[in-house]
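Only a predicted model underlies this, so the values are computations on that prediction, with no experimental measurement involved. We count ligands from 1, going down the list as the structure has it; atoms in each ligand are counted the same way.
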Amino acid sequence: MDVKALVSQMTLEEKAGLCSGLDFWHTKPVQRLGVPSTMVSDGPHGLRKQDQEADHLGVNDSIKAVCMPAACATAASFDRELIRRMGEAIGDSCQHEELSVVLGPAVNIKRSPLCGRNFEYFSEDPYLAGEMAASYINGVQSRNVGTSIKHFAANSQEHRRMSSSSNADERTLREIYFPAFETSVKKAQPWTVMCSYNRINGVYASENPWLLTEVLRNEWGFEGYVMSDWGAVSDRVAGVAAGLDLEMPSSGGVNDRKIVEAVRSGKLDEAKVDLACERILNIVYRYLENAKPETPWDKEADHLLSAKIASECMVLLKNNGLLPLSKEDDVAFIGEFAAKPRFQGGGSSHINSFKTTSALEAAKDLKVTYAQGYSAGLDCATDEQIAEAVEAAKKAKVAVVFAGLPDSYESEGYDRTHMRMPECQNRLIEAVAAANPNTVVVLHNGSPVEMPWIDKVGAVLEAYLGGQAVGIATVQILFGDVNPSGHLPETFPRKLADNPSYLFYGGEGDKADYREGVFVGYRYYDKKEMDVLFPFGHGLSYTTFAYSDLRLSASEITDKDTLTVTVTVTNTGSREGKTVVQLYVGDDKSTVLRPVRELKGFEKVALEPGESKEVSFTLDKRSFAYWNEQIHDWHVETGDFTIQVGQSSRDISLTGTVTVKSTVELPRHYTADSIFMDILTDPKAVQALQPLLDAIRQTLAPSGDDATEAAKDAVSEDMSMAMLQYMPLRGVMSFGGSVTPEALQALLDSLNNA
Ligand code: BGC
């Protein structure tokens, strides 16, 4: 389709109309020109296709579909292929249901355990979130169906989500809150991007030209269309100018008319409207020209795929040897989630599952008894329920308590107010563990919880929100049919107050200041050397692995080179399993504040008992760089970097060092107020400064023949240099002898041009 030609035939009214939705879920048709309407749907871990009358927050039912594990879980797989496969299945179901775009993935950073939508998000780490998102997008789009990566950007809280301003410095945005979007655009070119509700440093995402045009398109090369989150538009005309192509849903024609008026009055360039239409129509036709409604959708097969994915995501947090269980043993399943698992979160991602399989059902042929223990909906446990659970636990060899967060505790639209599990469930776990020392806890939650009972139970399996077939995967792992291989995509702090955003999260009124800066998640806990409940990247297995023989392809590179890091991993246990090799990089010495380590590579590797494999990673400039606010670009400071390889952020078994030399000279802006310390780190400037330095040294710490012994004793050369380092250059007029203002200016000129 020649989209440009098509747009040239459209009236201004038709063009303005195309820039907003027909209803909740459709783009507008242009009947006169035969442009059809296309449908979009949530997303991200299955389809929530609704009919015309539907509301967008899921009060009305959507079609029966397959609920795959939510992003909190899939991120824990650390498996790019797996999430790609999930994307392919979702893409096929979109083709079957004639959906042009699925609204996801959601990649916002898990800044605080409190964010109500954490279950929909991947990680506290931008690299992991970006890699998983890009694989998901590539999977869906391989089926000629679009994705809408969301919510762009810095949308890490639900509290006041439609009005608050996420205030963060440039470096924090670039290093933490943008990379998942950037990686996805560069590696997977999502067909659409959904801008977020919030403002960023005061400007709504939906009307932010820096965000939507400068960064997203000009820098990263995004080619698709930007749509608004549902109702995220404040000033539609400013939005068109900024690069917001499609407003969703419809504004009942109000904003379309504003666009027309703005063009007519000369306030808005019509070319901007044309461009938005072209971008929208490109995607409309990309889908239509490749539509395959005859694509089969085998829901039963997807149910099993969902179970398979869930089994690769679960994280074995603790195991004193209790797991795996024997199928011969009498086991008590305790807790309502054993019969009615919580497998997804509330809000726009809520899927009308065509069926679910609970752990109780999946274990129906095993020697398993059941006690409800608590009522999740009522958030309470009666004395009778607890007594019955204790009885069941006493009779069994092992008690497995299924616990976690009830629906009302975490959802889109509002935040949690604390990090605790329901009190009734904590009470139940304590009672069961007191009755039977062989107690296992299975958790269903989308974000970290406090575990006051951790020392009293033998094992903890984090199942996250594992999709409709979560019960199958849980039983496979509990009884050893599958060896757990998930790793935490986030830190579990001991208590909420330990979280770096604790003091500022939620903000004051509409001002949400991201004051912890780049120190989000493990970047903070590691720098603080803080004890955590479970660190980022942690995950146990029923086998053991050894990492050895770390090799770096060079000991010194420039920031234009790549470095290959190779490591040997061996399964040293007696059963097959998968390890997640994690590569972190730390800058040994830096003039900016940097984390101790940052994830820059990971690979999930399957190994038979005794088997070894080599795993290689390629690091490039970005792996070593920080965002430099002076040059508004990534920058590597010359120096040594530590390559750290291990099985979690707190289990680093191999380290190596590489020296990276910068090829970029930062611009010099020395003024009379620049202090010596800063100038002395610049080798070229030091040369220009040398004569003056000698003179000052002589003044501050006399050492020549004519200096008295007392003067020499009073100030050593080291002391004088230590004092000198904080002195501004203008100080030479007082301390450096006869330096005139003119000479100082000449010196500055030579320093700046050195
Ligand atoms: C959510 C989006 C969702 C959209 C459509 C919004 O409230 O923030 O994630 O895709 O609704 O349901």
Worksheet entry | Near-ring test Phe178/Trp210, centroid separation under 6.0 angstrom | yes
Item to complete: Provide the number and element of each atom of ligand 1 under 4.0 Å from a heavy atom of Glu412.
Response: 1 (C), 6 (C), 7 (O), 8 (O)
Worksheet item: So is Tyr197 close enough to ligand 1, meaning a heavy atom under 4.0 angstrom away?
Response: yes
Discussion item. Are any of the N/O atoms on Asp42, whether in the backbone or the side chain, positioned under 3.5 angstrom from an N/O atom of ligand 1?
Written reply: yes
Item to complete: Decide whether a cation-pi geometry holds between Arg111 and Tyr514; the criteria are a distance under 6.0 Å from NZ or CZ to the six-membered ring centre and an angle within 45° of the ring axis.
Response: yes
Item to complete: Verify the ring-centre separation between Tyr524 and Phe519: is it less than 6.0 angstrom?
Response: no
Practice prompt. Heavy-atom distances under 4.0 Å are what count here, so tell me which part of Met162 touches ligand 1: side chain, backbone, both or neither.
Written response: neither
Worksheet item: So, is Glu120 polar-close to ligand 1, with some N/O to N/O distance under 3.5 Å?
Response: no
Discussion item. Is it true that Glu124 and Thr491 share a donor-acceptor pair across their side chains at a distance under 3.5 Å?
Written reply: yes
Worksheet item: Under 3.5 Å, is there a donor-acceptor pair linking the side chains of His26 and Thr38?
Response: no
Worksheet entry | Numbered atoms and elements of ligand 1 in range of His151, under 4.0 angstrom, heavy atoms | 2 (C), 8 (O), 9 (O)
Worksheet item: In terms of atom number and element, which parts of ligand 1 are under 4.0 angstrom from non-hydrogen atoms of Leu103?
Response: 10 (O)
Worksheet entry | Part of Glu158 within contact of ligand 1 (heavy atoms, under 4.0 Å) | neither
Worksheet entry | Trp25-ligand 1 polar pair, N/O distance under 3.5 Å | no
Worksheet item: Does NZ or CZ of Arg217 fall inside the cone over Phe222's six-membered ring, less than 6.0 Å from its centre and within 45° of the axis?
Response: no
Discussion item. Using a 4.0 Å cutoff against the non-hydrogen atoms of Lys150, which atoms of ligand 1 qualify?
Written reply: 2 (C), 3 (C), 9 (O), 10 (O)
Worksheet item: Is NZ or CZ of Arg80 both nearer than 6.0 Å to the six-membered ring centre of Phe602 and within 45° of the ring axis?
Response: yes
Worksheet entry | For Glu410, the option from Arg342, Arg416, Arg117 that meets side chain to side chain donor-acceptor pair (under 3.5 Å) | Arg342
Worksheet item: Hey, which atoms in ligand 1 end up nearer than 4.0 Å to a heavy atom of Arg48?
Response: 12 (O)
Discussion item. Can you tell me which portion of Met248 lies within the under-4.0 Å heavy-atom range of ligand 1? Options are side chain, backbone, both, or neither.
Written reply: neither
Worksheet, complete the sentence: One finds that the ligand 1 atoms under 4.0 Å from a non-hydrogen atom of Met194 are 10 (O)
Worksheet item: Can you tell which of Leu216, Val233, Leu212, Leu211 makes a side-chain contact (heavy atoms from CB on, under 4.5 Å) with Cys195?
Response: Leu212
